[in-house]
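Note that the structure is predicted; figures quoted are calculated from it, not measured.
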Amino acid sequence: MKKELPSSAACVRNTEPIDQVLKQYIQKGDLWEMGFATAQHCQSLAPRYPNLTWYASDHTDYHWIFTERTRGIKNIQGPYCLWVKDQSFLNQLHQQNIQIQFDYFFTANTLHIMGAELAQIFCQQVATILKKDGVLFLYGPFKFEGQFTSASNADFDQQLRSKNPKSGICHFEDIARELKKAKVDFVHRHDLPAYNHVLVFKKA
């Protein structure tokens with residue numbers, strides 16, 4: 001019996017606002033997505049950028065979803081794996097026969113799952129696979145100057161921490177500082193619906 005493809009209503013709602021941001025920066029080249037989950041973002045967004053090759057990664061449990069959902073889309077590559085762990089991003093890519101650096105890196109709703117400690121490692125590693133002038137897009141909820149942007153985000157943070165004390169909504173300032181150390185500079189904060197944001201950074 002064929003499995004039913006999971007669907008995220010949030011992905012449906014946020015695809016257009018995310019695209020409005022991406023199209024301000026993306027021209028052509030190679031983009032890496034970390035954490036495709038239901039694969040709805042890459043399914044909807046990749047065809048809008050025919051001069052872009054969209055590489056998508058997530059846990060192997062989700063690979064069948066990607067395969068089913070993106071079948072026939074010519075400029076999508078994957079599924080791949082990329083983890084924030086002891087092994088470097090570069091080594092993980094090389095093990096999957098990927099020898100290039102990327103013009104763009106996109107990830108949605110992942111940093112608050114990994115939490116502050118792993119987010120710090122992420123910031124160090126993402127710089128190693130971005131080209132010079134490469135652009136990083138971080139989508140999701142963030143805290144600014146130590147404050148949540150809504151009561152709903154504060155509640156969400158508590159839900160995350162109740163399941164995993166190491167997770168939780170990240171501080172923008174911490175992320176920006178760690179990326180700055182890796183020579184990836186903050187460019188702009190785009191405020192999106194439902195108190196989410198796209199934070200844009202560029203590698204020097």
Side-chain angles (χ1 to χ4, degrees), residues 8-26 31-38 40-42 44-45 56-59 82-85 89 102 104-130 134-204:
S8 165
C11 279
V12 174
R13 291 193 301 269
N14 67 33
T15 293
E16 291 298 330
I18 289 174
D19 184 47
Q20 292 301 309
V21 175
L22 297 187
K23 70 182 184 182
Q24 298 178 46
Y25 302 92
I26 292 178
L31 178 148
W32 188 277
E33 178 185 9
M34 185 181 78
F36 59 71
T38 63
Q40 288 168 270
H41 282 143
C42 51
S44 298
L45 292 169
S57 65
D58 209 323
H59 192 280
L82 187 67
W83 298 111
V84 181
K85 55 183 181 181
F89 280 9
F102 290 85
Y104 311 98
F105 191 108
F106 169 75
T107 189
N109 293 319
T110 57
L111 267 65
H112 56 264
I113 302 298
M114 63 180 79
E117 183 177 338
L118 290 180
Q120 180 178 349
I121 298 172
F122 167 83
C123 292
Q124 298 163 358
Q125 289 296 322
V126 72
T128 66
I129 65 170
L130 274 174
V135 181
L136 169 65
F137 305 98
L138 304 178
Y139 171 83
F142 295 91
K143 287 190 283 187
F144 299 90
E145 298 182 346
Q147 301 297 314
F148 295 104
T149 55
S150 69
S152 60
N153 278 354
D155 292 341
F156 180 50
D157 183 76
Q158 288 299 312
Q159 294 172 27
L160 291 167
R161 294 179 189 278
S162 68
K163 297 175 182 177
N164 178 2
K166 291 186 177 181
S167 67
I169 293 176
C170 294
H171 292 261
F172 158 73
E173 290 80 10
D174 292 345
I175 298 298
R177 181 176 60 250
E178 293 303 321
L179 286 169
K180 182 73 174 179
K181 291 178 184 177
K183 298 183 179 180
V184 181
D185 299 322
F186 176 63
V187 174
H188 195 73
R189 163 185 164 181
H190 296 268
D191 296 331
L192 270 62
Y195 302 102
N196 286 307
H197 315 274
V198 175
L199 305 180
V200 181
F201 299 82
K202 187 175 184 179
K203 184 176 177 181

Exercise for the section: Taking atom OH of Tyr195 as the centre, report whether more than 12 heavy atoms of other residues, nucleotides or ligands fall under 6.0 Å from it. Expected result: no

Problem - Point-to-point distance, once rounded to the nearest 0.5 Å, from CD of Gln147 to NE2 of His171 - result: 9.5 Å

Problem - Inter-residue atom distance Leu136.CG - Tyr104.OH, 0.5 Å rounding - result: 13.0 Å

Fill in the blank from the handout: Sorted by chain and number, sequence neighbours left out, side chain to side chain donor-acceptor pair (under 3.5 Å) with Ser152 holds for Ser150

Exercise for the section: Measure from the side-chain N and O atoms of Thr149 to the backbone N and O of Lys143, and report whether any donor-acceptor pair falls under 3.5 Å. Expected result: no

Handout entry: Set of salt bridge (charged side-chain N to carboxylate O under 4.0 Å, His left out) partners for Lys181, sequence neighbours left out
Key = Glu178

Practice task
Give the minimum heavy-atom separation between Phe156 and Pro141, together with the two atoms involved.
Solution key: CE2-CG, 4.2 Å

Completion exercise
Only one of Phe144, Phe148, Phe142 passes ring pair (Phe, Tyr, Trp, His ring centres under 6.0 Å) with Phe172, and that residue is Phe144

Could you pull out every donor-acceptor pair under 3.5 Å between side chains of residues 105-118 and any protein atom, sequence neighbours left out?
from: Thr107; atom 1: OG1; to: Met34; atom 2: O; distance (Å): 2.7
from: Thr107; atom 1: OG1; to: Thr110; atom 2: OG1; distance (Å): 2.7

Exercise for the section: Among residues two or more places apart or on two chains, list those pairs meeting salt bridge (charged side-chain N to carboxylate O under 4.0 Å, His left out) that have a residue in residues 145-158. Expected result: Asp157-Arg161

Handout entry: Those residues that, when tested against Tyr25, pass ring-ring contact (aromatic ring centres under 6.0 Å, His included) (two or more places apart)
Key = Phe137, His190

Exercise for the section: Using the test side chain to side chain donor-acceptor pair (under 3.5 Å), find all partners of Thr38 that sit at least two apart in sequence or belong to another chain. Expected result: Gln40

Exercise for the section: Could you list the residues that satisfy salt bridge (charged side-chain N to carboxylate O under 4.0 Å, His left out) with Arg13, not counting sequence neighbours? Expected result: none

Practice task
Write out all pairs satisfying salt bridge (charged side-chain N to carboxylate O under 4.0 Å, His left out) with one or both partners inside residues 191-204, taking only residues at least two apart or from two chains.
Solution key: Arg189-Asp191

Practice task
Please list, chain by chain and in numerical order, all residues satisfying side chain to side chain donor-acceptor pair (under 3.5 Å) with Glu173, sequence neighbours excluded.
Solution key: none

Practice task
Under the salt bridge (charged side-chain N to carboxylate O under 4.0 Å, His left out) rule, collect the residues that match up with Lys180, sequence neighbours excluded.
Solution key: Asp185

Problem - Over 12 foreign heavy atoms within 6.0 Å of NZ, Lys166 - result: no

Handout entry: Nearest-0.5 Å distance, CH2 of residue Trp32 to CG of residue Leu82
Key = 5.5 Å

Distance-only donor-acceptor hits, side chain of residues 119-129, under 3.5 Å, sequence neighbours excluded:
from: Gln125; atom 1: OE1; to: Phe89; atom 2: N; distance (Å): 2.9
from: Thr128; atom 1: OG1; to: Gln125; atom 2: O; distance (Å): 2.6

If you look only at distance, which donor and acceptor atoms sit under 3.5 Å apart when one is on a side chain in residues 14-22 and the other is two or more places apart or in another chain?
from: Asn14; atom 1: OD1; to: His41; atom 2: NE2; distance (Å): 2.6
from: Asn14; atom 1: ND2; to: Ala10; atom 2: O; distance (Å): 3.1
from: Asn14; atom 1: ND2; to: Tyr139; atom 2: OH; distance (Å): 3.2
from: Thr15; atom 1: OG1; to: Cys11; atom 2: O; distance (Å): 2.6
from: Glu16; atom 1: OE1; to: Arg48; atom 2: NH1; distance (Å): 3.3
from: Glu16; atom 1: OE2; to: Arg48; atom 2: NH1; distance (Å): 3.1
from: Glu16; atom 1: OE2; to: Arg48; atom 2: NH2; distance (Å): 2.7
from: Asp19; atom 1: OD1; to: Tyr49; atom 2: OH; distance (Å): 2.5
from: Asp19; atom 1: OD2; to: Arg48; atom 2: NH1; distance (Å): 2.9
from: Gln20; atom 1: OE1; to: Lys23; atom 2: NZ; distance (Å): 3.2

